[in-house]
Amino acid sequence: MTTPKQFELYDILKTYEDNYENGPFFDGELPTRPAIKETHKIFDFEVNSRLGVPAGPLLNSHWCDVYAQLGFDLPVYKTVRSVERATHPAPNCVFLDTDKQFNNSEINTEIHPGLRPALDEHITITNSFGVPSPKPSVWMKDIEEGNRKMGEGQLMVVSVNGTPGLEERNLVEDYGYVSAMAKEAGAKIIEVNYSCPNLGGSKEGALFSDPENSALVSKKIRESIGDTPLLIKLGWMPAEQLEKVIEANRPYVDGFAAINTIPRQVITAEGVAALPGEGRLSSGTCGFAIGNLAEEVTQNLIDLRTKWKDEFVICSVGGMMTAEDLHRRLDMGADLVMSATAAMWDPYLAQKFHQYK
Ligand SMILES: Cc1cc2nc3c(=O)[nH]c(=O)nc-3n(C[C@H](O)[C@H](O)[C@H](O)COP(=O)(O)O)c2cc1C
């Protein structure tokens, strides 16, 4: 095992652009990997493990490459759009002052920024980027590059988001359009983001809890990408709402990734929004404190799959900070597990996961 040292592969004190160009900031040793005893089938692909990094921290093909080398066999390429889009102003990530698990009555309530906790497995942050995107010509070429960089038994997933208010297409059409672009670029699995708390409450950020409209979009995407495996990314919602959303989307999608971040209002002790700019009082929180809420959604998805004798893929995301957390979700019945926040600070998380049992 490697010597303990504090890392920050995504440097939250640097701009998004600096991280994009120069990250990940990692000068440690690449971990050695135990021999792969069995591979796993995900759709038609054989993969070395069921561990990934979800959409967000891996900003481009170089980031996906480094994390694949660190042992994350399913890196997700950060959500892209059909048009170029700037990032929200820095800072984009801030540590939060909490050492407890959030419960659902706290969603959208106030919380204060804090310091990096002594133990990285207790990190809870807010992140707010606004789903930026390079020009499609840039990310499409970069996806080809990312596919080439994956090792044997590794698979890059591509995440996309529709964009409202375009002259050329309405939002539903744009979801189909950007998914088709991802497929054309070589995406082997497409994940579509229906849940982003950092878009000022706009339509594309809140699709996930709307059964009819999300299904309309999923149908359009399915028509646009043929049989490419399709996951949709959801946020936390109560069990009854989740059931309606899954039932409505099930005919069009192959699986569900959940959860995205939990919205909270991040304000300083002086009572001002911690993140600068319009529409950023409420932002997505992730890491340690959302673990229980995420686990609840994973369990609800498993229960629905059992009840309907279905086979949809469940990609569990949210609040898994240690190898033990990741294995527990697999033991519950999740097919895939992915960690964003923990992987930003612990380059050896995948190594610990592979050595766990
Ligand atoms: C820095 C950062 C950027 C993110 N960007 C995206 C994104 O572009 N698209 C998306 O679907 N989720 C995004 N997320 C959400 C994560 O995929 C994940 O759902 C969430 O962080 C919960 O997982 P965690 O507790 O392991 O961090 C982002 C998360 C982080 C930390």
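FYI, side chains are in, hydrogens and waters are out, and symmetry mates aren't considered; it's all heavy atoms of this structure.
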Next item on the list: Apply the test side-chain hydrogen bond (donor to acceptor under 3.5 Å, both in side chains) to residues Lys233 and Ser195: give CA-CA distance (whole Å), side-chain angles for both, the deciding distance (0.1 Å), then the verdict.
Entry: CA-CA 6 Å; Lys233 177 95 172 267; Ser195 158; over 6 Å; no
Margin query: Just so I know, are the side chains of His88 and Leu275 near enough to count as touching, which here means a heavy-atom distance under 4.5 Å?
Written below: no
Notebook entry, point to check: Do Tyr194 and Ser209 meet the criterion of a side-chain donor-acceptor pair at a distance under 3.5 Å?
Noted result: no
Next item on the list: For residues Leu336 and Ile314, determine if any side-chain heavy atom of one lies less than 4.5 Å from a side-chain heavy atom of the other.
Entry: no
Item checked: Backbone N/O of Gly146 and side chain of Asp65: donor-acceptor pair under 3.5 Å -> no
Note to self: Minimum heavy-atom separation for Asp97 and Pro113, please, with both atom names.
What the structure shows: CB-O, 3.4 Å
Item checked: Test item: Gln101 side-chain N/O and Gly291 main-chain N/O as donor-acceptor pair under 3.5 Å -> yes
Notebook entry, point to check: Please walk me through it: do Phe72 and Tyr67 pass ring pair (Phe, Tyr, Trp, His ring centres under 6.0 Å)?
Noted result: CA-CA 6 Å; Phe72 294 89; Tyr67 273 80; 5.5 Å; yes
Notebook entry, point to check: What pair of heavy atoms forms the shortest contact from Arg85 to Thr163, and how long is it?
Noted result: NH2-CG2, 3.5 Å
Notebook entry, point to check: Can Ser214 and Asn249 be counted as having a side-chain donor-acceptor contact under 3.5 angstrom?
Noted result: yes
Notebook entry, point to check: Checking Arg328 side chain against Asp331 main chain: does a donor-acceptor pair fall under 3.5 Å?
Noted result: no
Check: Backbone N or O of Pro238 within a donor-acceptor pair of the Gln241 side chain at under 3.5 Å?
Finding: no
Next item on the list: Check the pair Asp73, Arg33 against salt bridge (Lys or Arg N to Asp or Glu O under 4.0 Å), reporting the backbone distance first and the verdict last.
Entry: CA-CA 12 Å; Asp73 294 314; Arg33 184 159 181 169; 2.6 Å; yes
Margin query: If we count only N and O atoms by modelled type, under 3.5 Å, do the side chains of Ser316 and Arg329 hold a donor and an acceptor together?
Written below: yes
Note to self: Using a strict threshold of under 4.0 Å (side-chain N to carboxylate O), is an ion pair present between Arg148 and Glu145?
What the structure shows: yes
Next item on the list: Could you verify whether a donor N or O on one side chain and an acceptor N or O on the other, from Thr285 and Arg264, lie under 3.5 Å apart?
Entry: no
Next item on the list: Go through the side-chain N and O atoms of Glu46 and Thr39 and say whether any donor and acceptor fall under 3.5 Å apart.
Entry: yes
Check: What are the two closest heavy atoms between Pro347 and Leu70, and how far apart are they?
Finding: O-CD2, 3.5 Å
Notebook entry, point to check: If only atom types and distance count, is the side chain of Asp310 paired as donor or acceptor with the main-chain N or O of Thr306 below 3.5 Å?
Noted result: no
Next item on the list: Decide whether Glu296 and Asn292 meet the rule of one side-chain donor and one side-chain acceptor closer than 3.5 Å.
Entry: no
Item checked: Distance-only side-chain donor-acceptor flag, Ser128 / Arg280, under 3.5 Å -> yes
Checklist line | Listed once per pair and sorted, the ring pair (Phe, Tyr, Trp, His ring centres under 6.0 Å) pairs that draw on residues 221-280, sequence neighbours left out | finding: Phe256-Phe312
Notebook entry, point to check: Do you reckon Val76 sits in the same ILVMFWY cluster as Val80, going by side-chain contacts under 4.5 Å, direct or chained?
Noted result: no
Next item on the list: Treat each ILVMFWY residue as a node, draw an edge where side-chain heavy atoms are under 4.5 Å apart, and state whether Ile259 and Leu234 are in one component.
Entry: yes
Notebook entry, point to check: Judged by modelled atom types alone, do Glu84 and Ser133 share a side-chain donor-acceptor pair under 3.5 Å?
Noted result: no
Item checked: Listed once per pair and sorted, the ring pair (Phe, Tyr, Trp, His ring centres under 6.0 Å) pairs that draw on residues 22-46, sequence neighbours left out -> Phe7-Phe26
Note to self: Check whether Arg222 reaches the backbone of Gly226 with its side chain - one donor and one acceptor, N or O, closer than 3.5 Å.
What the structure shows: yes
Notebook entry, point to check: Asn127 side chain to Cys93 main-chain N or O, any donor-acceptor pair under 3.5 Å?
Noted result: no
Check: So, the side chain of Thr298 versus the backbone of Ala294: is there a donor-acceptor pair under 3.5 Å, distance only?
Finding: yes
Note to self: Between Asn260 and Asn193, is there a side-chain donor-acceptor contact under 3.5 Å, judged purely by atom types and distance?
What the structure shows: yes
Next item on the list: Write out all pairs satisfying ring pair (Phe, Tyr, Trp, His ring centres under 6.0 Å) with one or both partners inside residues 257-307, taking only residues at least two apart or from two chains.
Entry: His122-Phe288
Margin query: Checking Arg169 against Asp174 for the salt bridge (Lys or Arg N to Asp or Glu O under 4.0 Å) test, could you report, in this order, the C-alpha distance in whole Å, the side-chain angles of both residues, the deciding distance, and whether it holds?
Written below: CA-CA 6 Å; Arg169 297 170 291 280; Asp174 193 61; 2.9 Å; yes
Checklist line | Asp335/Arg305 under salt bridge (Lys or Arg N to Asp or Glu O under 4.0 Å): CA gap, chis, key distance, verdict | finding: CA-CA 12 Å; Asp335 301 289; Arg305 187 171 64 179; 2.7 Å; yes
Next item on the list: Answer with yes or no after comparing the ring centroid distance for Phe95 and Trp345 against a 6.0 Å cut-off, counting only values under it.
Entry: yes
Margin query: Tell me the closest heavy-atom pair linking Leu74 and Met338, and the distance in Å.
Written below: O-CE, 3.8 Å
Margin query: Please check this pair: side chain of His354 against backbone of Gly71, looking for a donor-acceptor N/O pair closer than 3.5 Å.
Written below: yes
Next item on the list: Using modelled atom types only, decide if a donor and an acceptor are shared between the side chain of His112 and the backbone of Val266 within a distance under 3.5 Å.
Entry: no
Item checked: Heavy-atom closest pair, residues Cys286 and Thr341 -> SG-OG1, 3.4 Å
Next item on the list: Please round to the nearest 0.5 Å and tell me the distance separating atom CE of Met321 and atom CG of Leu119.
Entry: 10.0 Å
Next item on the list: Assess the side chains of Lys183 and Thr228: does a donor N or O sit below 3.5 Å from an acceptor N or O?
Entry: yes
Check: Do you know which two heavy atoms are closest between Gly284 and Thr261, and how far apart they sit?
Finding: CA-OG1, 3.3 Å
Notebook entry, point to check: With distance as the sole criterion, is a donor-acceptor pair present between the side chains of Ser224 and Ser179 under 3.5 Å?
Noted result: no
